[in-house]
Amino acid sequence: MAECYIRVAEDENEEPMEIPSEDDGTVLLSTVAAQFPGACGLRYRNPASQCMRGVRLVEGVLHAPDADWGSMVYVVNYPKGNATLHPAVDNKRKMDEMDAASAVKIKRGIQKTSDLIVLGLPWKTSEQDLKDYFSTFGEVIMVQVKRDAKTGNSKGFGFVRFTDYETQSKVMSQRHMIDGRWCDCKLPNSKAGPDEPMRSRKVFVGRCTEDLSADDLRQFFMQYGEVTDVFIPKPFRAFAFVTFADEQVAQSLCGEDLIIKGTSVHISNAEPKHSNIHHLFSNFPGRSPSLAAMFERAQYQYPSSHV
DNA sequence: GTTGAGCGTT
């Protein structure tokens, strides 16, 4: 299969647009999203069954249903919670703002799992060992062994994340004999005390690894809604900012641990908790409001912690 | 090459 154009439309009855494939015949979701902002996938009507079928999507890459894409029209999928954001959607089914936020959460599961810290690991225990052990409880979607960056030695603790909340509960309820030592699995302190987030369209993405590119982040986060900006500080600082078109989408993600290319990242609000901006300008009476406001806008784009 | 309560390179 070689490079071609596939026909894509927002609706089966709409005028389709031709979108280019890659050299290997796949189509990038980002290519679709370039023409249909906020798109999260494609579907098509199966000629045999007359049912709609989803197009396979792996890591931002759409795969042709058969040997090639053929001449049929593919229909753009939008995130459910984000549906009202798109002008093509009729106003009759318009949800109010609260519904839009909760729809995202419901779609993603009411019983959210979170990373568990695994304390007391033997120095020799590897990530494979952890995965083998915890897989006996249920499906594992992430394991980490924290190591010294220089020596590569284990620090004796790690993290695990399960698909199902029941598995997580079971694992937390008991001690674990791993490679000859008793270990405990707990909710990490880092996610204790979730504070009231500021309302913002921008989220802070913590615990990024260096192999996560801006494009990786964009590809990943666009499943939740239209991404308008991705910022990764250079040199590497282990965090990033992602801005969504809609505040509801951003807020619905705050406080969550998400797994991108095997890396568990933490989402929180982009706004610093204790802004000292107004203190900085408080010595300039009269002018301070506008100066502070100007600085705040600049700060918002390029937080001081980046330089 | 060591260690054994903790907390993931904001």
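All values below were derived from every heavy atom in this structure, side-chain atoms included, with hydrogens, water molecules and symmetry-related copies excluded. Convention: sequence-line order gives letters A, B, ...; per-chain numbering from 1.
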>> So, under a plain 3.5 Å distance rule, would you say the side chain of A:D115 forms a donor-acceptor pair with the base of B:dG8?
In response: yes
> Can A:F157 be classed as stacking with the base of B:dG6, given a centroid separation cut-off of 5.5 Å and a plane angle cut-off of 30°?
Replying inline: no
>> Is A:W123 stacked against the base of B:dT3, taking the criterion as centroid distance under 5.5 angstrom and interplanar angle under 30°?
In response: yes
Between [atom2] on [N] and [atom1] on [X], what's the gap in Å once rounded to a whole number?
X: A:I117; N: B:dG8; atom1: CD1; atom2: C1'; answer: 7 Å
X: A:R147; N: B:dT9; atom1: CZ; atom2: C1'; answer: 16 Å
X: A:N269; N: B:dT10; atom1: CG; atom2: C1'; answer: 14 Å
X: A:D148; N: B:dG6; atom1: CG; atom2: P; answer: 21 Å
X: A:L121; N: B:dT3; atom1: CG; atom2: P; answer: 17 Å
X: A:K124; N: B:dG4; atom1: NZ; atom2: C1'; answer: 17 Å
X: A:N189; N: B:dA5; atom1: CG; atom2: C1'; answer: 12 Å
X: A:F159; N: B:dC7; atom1: CZ; atom2: C1'; answer: 5 Å

>> Considering every strand and a 4.0 Å limit on heavy-atom distances, what is the contact class for A:L116: base, sugar-phosphate, or nothing?
In response: nothing
> Contact class for A:P235 (heavy atom, under 4.0 Å): base, sugar-phosphate, or nothing?
Replying inline: nothing
> What parts of residues 136-143 of chain A reach DNA chain B, counting only heavy atoms under 4.0 Å away?
Replying inline: none
Going by heavy atoms in the side chains, are [X] and [Y] under 4.5 Å from each other?
X: A:K155; Y: A:R147; answer: no
X: A:V76; Y: A:V8; answer: yes
X: A:F157; Y: A:V145; answer: no

> Just to confirm, is there a sub-4.0 Å distance from OP1 or OP2 of B:dT9 to any side-chain nitrogen or oxygen of A:K146?
Replying inline: yes
> What do the steps show when you test A:V27 against A:E22 for side chain to side chain contact (heavy atoms under 4.5 Å, CB included), and what is the final call?
Replying inline: CA-CA 6 Å; A:V27 171; A:E22 301 305 295; over 6 Å; no
>> Between A:D184 and A:R175, is the salt bridge (Lys or Arg N to Asp or Glu O under 4.0 Å) condition met? List the steps.
In response: CA-CA 5 Å; A:D184 294 297; A:R175 305 245 287 157; 3.0 Å; yes
Closest listed nucleotide, where the reference is the side chain of [X] and the choices are [options]:
X: A:S264; options: B:dT2, B:dG8, B:dT10; result: B:dG8
X: A:N153; options: B:dC7, B:dG6, B:dT2; result: B:dT2
X: A:F236; options: B:dT9, B:dT2, B:dG4; result: B:dT9
X: A:A238; options: B:dC7, B:dT2, B:dT9; result: B:dT9

> So which one's nearest nucleotide on DNA chain B is more toward 5', A:R207 or A:R181?
Replying inline: A:R181
>> Can you work out whether A:T209 or A:T151 has the more 5'-proximal nearest nucleotide on DNA chain B?
In response: A:T151
>> Checking A:R43 now: which residues fulfil side-chain hydrogen bond (donor to acceptor under 3.5 Å, both in side chains) with it, not counting sequence neighbours?
In response: A:N77
> Is the A:H176 to A:F134 ring centre distance short of 6.0 Å?
Replying inline: yes
> Does A:K202 make a cation-pi contact with A:F241, if we ask for NZ or CZ under 6.0 Å from the ring centre and within 45° of the axis?
Replying inline: yes
